[in-house]
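Reading through the structure tokens given below for one structure.
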Amino acid sequence: NVLLYGETHSSQPDQWEFRHDSTVRITWDVTSDTWVFANTAVTVGGTLAVTGLLTVSATGYNTIGSNAGGADTGLILNTAAGYNRDIIVRTGGTNRWIYRLGGGAAESGSDAGTDFSILARTDAGAGIDTPVTIVRAAGGAMTLSRPIVASSTLAVTGEITTSADITLVSNSGGDRINFGSNVGTF
């Protein structure tokens with residue numbers, strides 16, 4: 001049996017509770033206009049529409065989807081053109097990385113706009129740089145603004161175009177570089 005219990009007391013504002021036996025499961029906090037679920041799982045069998053902000057304060061991993069679902073699962077970030085859609089990674093409440101899906105530029109046609117970027121942040125949360133940017137339009141560039149360190153083979157199947165010098169460093173001497181059928185030692 002579930003009981004909706006309301007209480008008025010001079011020492012606190014009105015408070016509403018859902019209880020199971022004597023255990024409080026859901027509380028209405030009138031000061032913050034918030035339902036508080038205490039150690040209670042909430043299952044929604046249909047669509048849950050949230051028109052305000054949704055904050056999940058749980059520790060551990062939060063899951064979208066199920067192994068038993070047998071269908072594709074996704075997370076949709078939707079807004080009008082010209083606005084950012086960010087996934088933000090924080091440490092101690094301060095931004096460390098921002099995965100930006102859409103750079104805030106208007107979409108002017110020809111698949112322009114809504115590029116993908118990864119932004120790095122300082123310990124204070126200020127911008128360091130944008131080490132990765134991928135242009136959404138077909139044939140668009142992928143920009144890496146930090147050095148590439150390859151601990152194994154780096155295979156390039158297309159052209160390498162540069163507007164600056166390319167520096168190759170040999171740690172052991174005698175390493176070779178191949179240009180087509182030409183082989184050189186450096």
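- Residues that satisfy the side chain to side chain contact (heavy atoms under 4.5 Å, CB included) test with Ile134, not counting sequence neighbours, are Phe116, Val132, Met142.
- In this structure, Leu119 shares a hydrophobic cluster with Ile88, Ile98, the cluster being traced through Ile, Leu, Val, Met, Phe, Trp and Tyr side chains under 4.5 angstrom apart.
- When the side chain to side chain contact (heavy atoms under 4.5 Å, CB included) test is applied to Leu48, the partners found at least two apart in sequence or on another chain are Val44, Val50.
- Ser145 places a side-chain N or O within donor-acceptor distance of the main-chain N or O of Thr130, the cut-off being under 3.5 Å.
- Remark: Arg96 engages no residue in a side-chain hydrogen bond (donor to acceptor under 3.5 Å, both in side chains) (not counting sequence neighbours).
- Sorted pairs that involve residues 111-124 and meet salt bridge (charged side-chain N to carboxylate O under 4.0 Å, His left out), not counting sequence neighbours, are lacking altogether.
- For Thr79, the side chain to side chain contact (heavy atoms under 4.5 Å, CB included) test picks out Tyr83, Arg85, with sequence neighbours left out.
- With sequence neighbours excluded, the residues forming a salt bridge (charged side-chain N to carboxylate O under 4.0 Å, His left out) with Asp86 are Arg100, listed by chain and number.
- Partners of Arg90 under the side-chain hydrogen bond (donor to acceptor under 3.5 Å, both in side chains) rule, at least two apart in sequence or in another chain, are Asn95.
- Applying the salt bridge (charged side-chain N to carboxylate O under 4.0 Å, His left out) rule to pairs touching residues 43-60 yields nothing, sequence neighbours excluded.
- Applying the salt bridge (charged side-chain N to carboxylate O under 4.0 Å, His left out) test to every pair with at least one member in residues 50-68, sequence neighbours left out, gives no pairs at all.
- A search for side-chain hydrogen bond (donor to acceptor under 3.5 Å, both in side chains) contacts involving Asp129 returns Arg146, not counting sequence neighbours.
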